[in-house]
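Notes follow the structure.
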Number of protein chains: 2
Amino acid sequence: MKAARICKEIGLKLTPQRMAILDYLEGNTSHPSAEEVYAAVSKRFPAISVATVYNTLASLRDRGCLLELTIDPSKKRYDPDTRPHHHLICTSCKRVADIEFKYDLSVPEGLRMGYEITGNHIEFYGLCPECKKPRRSGARR
Amino acid sequence: MKAARICKEIGLKLTPQRMAILDYLEGNTSHPSAEEVYAAVSKRFPAISVATVYNTLASLRDRGCLLELTIDPSKKRYDPDTRPHHHLICTSCKRVADIEFKYDLSVPEGLRMGYEITGNHIEFYGLCPECKKPRRSGARR
DNA sequence: CTTTCATCTTGGAATCATTCTAAATTGATA
DNA sequence: TATCAATTTAGAATGATTCCAAGATGAAAG
């Protein structure tokens with residue numbers, strides 16, 4: 001879906017900053033952090049401020065157009081693919097991959113402790129191809 | 001298991017501060033944050049510093065005696081129950097409950113992207129009994 | 001094509017959780 | 001009882017994120 005249309009449909013003003021952020025996000029499977037979105041968008045749009053990036057990401061998240069992942073302990077990661085799916089994080093370099101597979105995650109009535117369950121998400125932990133190789137660590141933080 | 005024995009077995013010095021922290025953690029199912037551990041332990045041990053709480057939690061986590069949960073977006077939460085299990089968080093008040101149930105979470109070979117998978121954890125989202133009731137919000141942050 | 005105004009953007013300050021530091025203290029072993 | 005690595009501590013430092021107040025600007029209305 002085009003950036004312009006997304007904004008219009010969810011009632012957001014179409015500003016050049018948002019266009020740039022949405023363009024960067026569209027189809028992006030790197031699960032970037034806010035800082036990474038800022039770094040990437042700054043190249044095309046040098047005047048943009050970090051606050052705008054945070055604001056826009058929050059607006060998109062609030063309207064269900066962007067997933068905010070908590071899988072990385074040190075920062076939030078974003079995923080423009082809002083279809084239900086799961087994630088796999090490399091515990092060494094923090095690279096995140098999508099796991100598009102259906103699991104039966106129903107919780108037996110007796111274990112719900114009175115909660116109403118509204119969603120779920122699986123975090124898989126592992127080592128990416130790069131980090132599996134000894135020496136040459138790909139750790140990025 | 002008694003605090004004293006835990007320390008000895010994992011090669012940690014037995015200090016009064018650690019005793020207090022381990023005592024508070026033992027059997028605790030509230031999934032406290034570091035700040036909450038500090039607040040609770042401070043009552044019994046007023047002189048303890050936050051740094052010690054963070055240090056001790058990290059030591060226990062590193063030795064596999066404590067799980068560090070990333071399910072709460074704003075802070076890390078800790079769980080002294082290290083048996084594999086999952087969690088359910090109330091998206092309103094952030095209360096966390098344990099879900100002790102086995103799920104088949106095997107990832108089809110073709111979807112592993114070359115990663116070696118070492119673990120998993122399911123985050124369930126929902127509303128706790130308190131927050132389901134209208135009005136009187138139990139939000140704690 | 002102007003006016004209008006709620007929505008946006010912005011730089012910088014502020015906040016929050018967490019980590020780091022360097023010095024003083026102290027379990028635990030010899 | 002001496003010794004020393006492991007600990008504790010207060011406070012500074014860091015990193016991510018949020019807040020703020022003021023100026024700018026899409027877009028609906030006329």
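Below, read A as the first sequence line, B as the second, and so on, with proteins coming before strands; counting in each chain starts at 1. Only heavy atoms go into these numbers, but all of them, side chains included; no hydrogens, no water, no symmetry mates.
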Review point. Tell me: CZ of R18(B) to P of dT9(D), nearest whole Å?
Key: 11 Å
Practice item. Rounded to the nearest angstrom, tell me the gap between atom OH in Y38(B) and atom P in dT19(C). Key: 17 Å
Practice item. Calculate the interatomic distance between R63(A) atom CZ and dC8(C) atom C1'; express it in whole Å. Key: 12 Å
**Study point:** Lys/Arg-Asp/Glu bridge criterion (N-O < 4.0 Å) met for E116(B), K132(A)
**Key:** no
Check your understanding: Given dT19(C), is OP1 or OP2 found less than 4.0 Å from the side-chain N or O atoms of K76(B)?
Key -> yes
Check your understanding: Side-chain donor-acceptor pair under 3.5 Å between E36(A) and S30(A), yes or no?
Key -> no
**Study point:** I10(A) side, atom CD1; L60(A) side, atom CG - distance, nearest 0.5 Å
**Key:** 5.5 Å
Protein N or O to nucleotides 21-26 of chain D N or O, pairs below 3.5 Å:
| residue | atom | partner | partner atom | Å |
| --- | --- | --- | --- | --- |
| dG26(D) | N3 | K13(A) | NZ | 3.4 |

Review point. Whole Å only: how far is the CZ atom of F45(A) from the C1' atom of dT10(C)?
Key: 11 Å
Point to revise | Nucleotide nearest T52(A) (side chain, heavy atoms from C-beta), chosen from dA10(D), dT9(C), dG11(C) | key: dT9(C)
Check your understanding: Looking for any heavy atom pair under 4.0 Å, which part of the strands does A47(B) touch: base, sugar-phosphate only, or nothing?
Key -> sugar-phosphate
Check your understanding: Is the phosphate of dT18(C), meaning OP1 or OP2, less than 4.0 Å from a side-chain N or O of Y54(B)?
Key -> yes
Check your understanding: Can a side chain N or O of Q17(B) be found less than 4.0 Å away from OP1 or OP2 on dT9(D)?
Key -> yes
Check your understanding: To the nearest Å, how far apart are D72(A) CG and dA16(D) C1'?
Key -> 11 Å
Check your understanding: What is the distance, rounded to the nearest whole Å, between atom CG of L12(A) and atom P of dA6(C)?
Key -> 17 Å
Review point. Closest nucleotide of DNA chain C for I48(A) versus for Y78(B): which of these residues is on the 5' side?
Key: I48(A)
Review point. Once you round it to whole Å, what is the distance between P of dT18(C) and CZ of R61(B)?
Key: 11 Å
Exercise for review: Please work out which of the three classes, parallel, tilted or perpendicular, describes the rings of F124(A) and H86(A), given edges at 30° and 60°.
Suggested key: perpendicular
Study note, to complete from the structure: Between CG of N55(A) and P of dA16(D) the distance, given in whole Å, is 18 Å
Check your understanding: Just wondering, more than 12 heavy atoms not from R44(B) lying within 6.0 Å of its CZ?
Key -> no
Practice item. Identify which nucleotide among dA10(D), dT10(C), dT17(D) has an atom closest to any side-chain atom of A51(A), counting heavy atoms from C-beta outward. Key: dT10(C)
Review point. Do we see a donor-acceptor contact under 3.5 Å between the side chains of H85(A) and D79(A)?
Key: yes
**Study point:** Distance in Å, T56(A) OG1 paired with I48(A) CD1, rounded so as to fall on 0.5 Å steps
**Key:** 6.5 Å
